[in-house]
Asker: 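Input: one structure, supplied below.
Computed from a predicted model, the values in this text were never measured in an experiment. Letters A, B, ... are given to chains in the order of the sequence lines, protein chains preceding strands, and every chain is numbered from 1.
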Amino acid sequence: MGSVVEIAPLTRLEGHGSVRVYREGSRVERVELRFSDSPRLFEALLLGKSFTEVPEIICRICSLCSTVHKVTALLAVEDALGIEVSEVTTLTRDLMLQAGMIQDHALHLYCLVLPDLLGVRGVAELARVAPDLLKTGLAIKKAGNQILETAGGRLIHPVNIRLGGLGRCLNKKELLQLRDELLKVLPAAQEAHRLFSTPFPFPDLAGPDFAALQPSASRLSAPLCRMSDGSTFAVRDYRQHMEETVVSHSNAKLSTVRGRHATVGALARLNLSPDLEKHASELFSAHKKELVGKDIRGNNLAQAVEMCHATERALRLIDRLIELGARGEQGTDTSPREGTGCAACEAPRGILVHSYAFDSRGICTWADVITPTALNQGALARDLLILARAMEGEETNRMTTALERLIRCYDPCISCSVHVLSL
Amino acid sequence: MKVAITGLTACSGCQLTLLNCEEELPELLAHCEIIYFPLAESGNVLDAQFDAAIVEGAVSTPKDLELLFKLRNASKLLVAYGTCALFGGVAAMNNGISTREELLRVVFGQGGEIPESFPPAPLVNFVSVDATITGCPPEKQEILELMAALAAGALPPTRAYPVCTECRSRENLCLLLEKRELCLGPVVQGGCNARCPATGIVCEGCRGPVREANVAQELELLLERGFGREEIERRMRRFKPEWNYGQRS
């Protein structure tokens, strides 16, 4: 007789989702991954809004990654309108992206994943059974947050980074203070990999098709996207390579890259473009066996390596900003004109693409956002089915626990993903 | 104190603000028993009785409504947490301009199924609300004040002064009068310590209207400075769809 096991709501991840496992006896027939966040329809809301408003509105798509959404939106609007920004502006935005990576990975690893490793429900129990570990994680997270607070003017939905420049430049005193905070947590960021290199107990999964942006030394927005088979394509042409389809049981559309269920995020980046700072690079070399060509179970370790990298890189960016000195931003021309623009950045969870078109008054006539979790959705659904089948006959509880842990490896951000545009 | 913390139609930013109280979090967790908090806890129980339910987000689906009713019935106090819960927030900006169906069709295509949803609305349209915290996102201080007040058996303080009050006391340059920019400071709820004007950015109104906002005066001021009515209204609608533009001082 057929039965359905439902895991609802999915916990310790951002947004609303559930999983249904359809069984016939002990045999797993199919698995449904449902992203049930209410669609907030951002792309539709942006139509008719002014180019200056677009980044301010769209960053609200997500709180965890509001910084990278805002930066990517600014880059896309600037691309459309031909706006150039100064080195200080680019460095400050980059610093905020690193800070976003630090706080996001720290939150995921120490507050959401660590409870799995210690067999507790969540942060409240962690505070009782492993207060020092939790404090270490929160301290790393706080260092990232302080950068966002200072450089962004606000931690979530930052305000100081704006079209063509900055609200205000950071002064030397602030930069030195942020530097001190980062140096304080650097040792902990360098050690984090030890906690998260514990192998996950569940069976092997499929070898992923990774996709990641190829970093560019001169630009914050990456021009190229690379895949596991070595092929690349221009981000500007993303609509020819990324396809979205509506899935009846999920509010997020399924995005494929060149017809494949691509895996994006920390593990994909380390596999395809390991452009790492010194210590992080050493960590990566030491853990290569657990990371290169591995399935998504290696993602949390990859995040730990990246957390170290982002801390080191943030320090380097601060040093450069101190060297340049705080200077008044040159007035950039941000008058409206007709144009289309596109930008892609690596968000903590992977490739993020923003694309906009404006008429001659600077009014938005087209908007499109492709988020990492929409890209990961296909691979995640595939892995859930593989895992559920590999655990046929196991106690239901053991299976659902394993499925939830697998989902957390992907670190999905559901509220972001439930926003896609059809043409 | 038994607490539920969750979100409806939102970006999770208000819940995240609680997790961003890094230094206070361990102590805060020691003072309350979090029974339902799917963002950060597994093994949640919803059929318990709560002293307080802290709810983020607007109501825009039958599922949102179902969860909201459950929490209202199970909880002594219900807190509307953040701008979406209080006013509808960004998801509601086109209420009254486009139909839900139109918006859904732009995103999900003309044919085929569309998710079930209705225009995002504040919690108070459906249930009684005992306390509110505004902000997109709220200030960390405000969630700490709330938790402290609840633990002491009280409700948090409410603020009834505009962003301008704090902006003036910080001695910022007035972006509205001195730089002639479209700043919403005079009609927007303070408590953020004029965060944006202090970095040279206009108030975008993310905390919603201040009590007794003189909207008519603000409108007149902005029209005099050459902004179009459409642009002004579009900006004001960003976090709250309906304003009383006709109100006089």
Asker: Relative to chain B, which of A/C413, A/G153, A/A127 shows the most heavy atom pairs under 4.5 Å?
Answerer: A/G153

Asker: Which bit of A/S50 is near chain B, if near means a heavy-atom gap under 4.5 Å: side chain, backbone, both or neither?
Answerer: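 Both parts, heavy atoms under 4.5 Å.
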
Asker: Check each atom of A/R154 against the heavy atoms of chain B and say whether the ones under 4.5 Å are side chain, backbone, both or neither.
Answerer: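 Interface part for A/R154: both.
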
Asker: Using 4.0 Å as the upper bound for N to carboxylate O, is an ion pair formed by B/D51 and B/K2?
Answerer: no

Asker: For B/S98, which atoms come within 4.5 Å of any heavy atom of chain A: side chain, backbone, both, or neither?
Answerer: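 The answer is neither part of B/S98.
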
Asker: Out of A/R12, A/R168, A/R128, which one racks up the most heavy-atom pairs below 4.5 Å with chain B?
Answerer: A/R12

Asker: Which bit of A/I156 is near chain B, if near means a heavy-atom gap under 4.5 Å: side chain, backbone, both or neither?
Answerer: both

Asker: Which bit of B/C136 comes within less than 4.5 Å of chain A, counting heavy atoms only: side chain, backbone, both or neither?
Answerer: both

Asker: Could you tell me whether a side-chain N or O of B/T199 sits under 3.5 Å from a main-chain N or O of A/G167, the two making a donor and an acceptor?
Answerer: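 Between the backbone of A/G167 and the side chain of B/T199 there is no qualifying donor-acceptor contact (under 3.5 Å).
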
Asker: If you count heavy-atom pairs under 4.5 Å between each of A/D37, A/I57, A/L10 and chain B, which one has the most?
Answerer: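 So the answer, after comparing A/D37, A/I57, A/L10, is A/I57.
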
Asker: Thinking salt bridges, do B/E231 and B/R234 make one under a 4.0 Å N-O criterion?
Answerer: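 Not counted as a salt bridge, because no side-chain N and carboxylate O are separated by less than 4.0 Å.
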
Asker: Among the options B/E41, B/E33, B/K63, pick out the one with the most heavy-atom pairs lying under 4.5 Å from chain A.
Answerer: B/E41

Asker: Do side-chain atoms of B/R237 reach the backbone of B/P241 as a donor and acceptor pair under 3.5 angstrom?
Answerer: no

Asker: Going from CG on A/L133 to CG on A/L109, what distance comes out if it is rounded to the nearest 0.5 angstrom?
Answerer: 12.0 Å

Asker: Where does A/P9 contact chain B at under 4.5 Å (heavy atoms): side chain, backbone, both or neither?
Answerer: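 Contact with chain B is through the side chain of A/P9 alone.
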
Asker: Check whether the side chains of B/R100 and B/S117 place a donor and an acceptor atom closer than 3.5 Å, and report yes or no.
Answerer: yes

Asker: Measure from the side-chain N and O atoms of A/N171 to the backbone N and O of A/E174, and report whether any donor-acceptor pair falls under 3.5 Å.
Answerer: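 Flag set: sc A/N171 to bb A/E174 pair under 3.5 Å.
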
Asker: If I measure from the heavy atoms of chain B, does A/L107 come under 4.5 Å with its side chain, its backbone, both, or neither?
Answerer: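 The side chain, not the backbone.
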
Asker: Out of B/T17, B/I114, B/V90, B/T61, which one racks up the most heavy-atom pairs below 4.5 Å with chain A?
Answerer: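 If we count pairs closer than 4.5 Å to chain A, B/V90 comes out on top.
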
Asker: Out of A/E404, A/E125, A/K49, which one racks up the most heavy-atom pairs below 4.5 Å with chain B?
Answerer: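 Ranked by heavy-atom pairs under 4.5 Å with chain B, first place is A/K49.
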
Asker: Tell me which of these, B/L8, B/D64, B/T6, has more heavy-atom pairs under 4.5 Å with chain A than the rest.
Answerer: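 Between B/L8, B/D64, B/T6, the count favours B/L8.
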
Asker: Heavy atoms only, distances under 4.5 angstrom: which of B/P26, B/P137, B/G200 has the most pairs with chain A? Name it, please.
Answerer: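 Sorted descending by pairs with chain A, the first entry is B/P137.
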
Asker: Taking side chain as everything from C-beta outward and backbone as N, CA, C, O, which of these in B/L104 sits under 4.5 Å from a heavy atom of chain A? Side chain, backbone, both or neither.
Answerer: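 For B/L104, the contact with chain A is made by backbone and side chain together.
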
Asker: Does B/P119 offer a backbone N or O that forms a donor-acceptor pair with the side chain of B/N95 under 3.5 Å?
Answerer: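 No.
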
Asker: Return the CG to CG distance between B/L222 and B/L176, rounded to the nearest 0.5 Å.
Answerer: 6.0 Å

Asker: For chain A, which of B/A58, B/G13, B/S12, B/A91 has the most heavy-atom pairs under 4.5 Å?
Answerer: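 Among the listed options, the one with the most contacts to chain A is B/S12.
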
Asker: Quick one: do B/R238 and A/E53 make a salt bridge, cutoff under 4.0 Å?
Answerer: yes

Asker: Taking atom CD of A/E243 as the centre, report whether more than 12 heavy atoms of other residues, nucleotides or ligands fall under 6.0 Å from it.
Answerer: no

Asker: Chain A heavy atoms under 4.5 Å from B/E23: which part of the residue, side chain, backbone, both or neither?
Answerer: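 B/E23 touches chain A through side-chain heavy atoms alone.
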
Asker: Do you know which of A/Q103, A/K141, A/Q146 makes side-chain hydrogen bond (donor to acceptor under 3.5 Å, both in side chains) with B/E22?
Answerer: A/K141

Asker: Need one label for A/I363: side chain, backbone, both or neither, based on atoms under 4.5 Å from any heavy atom in chain B.
Answerer: side chain

Asker: For the candidates B/P120, B/G89, B/G43, B/A10, which exhibits the highest count of non-hydrogen atom pairs separated by less than 4.5 Å from chain A?
Answerer: B/A10

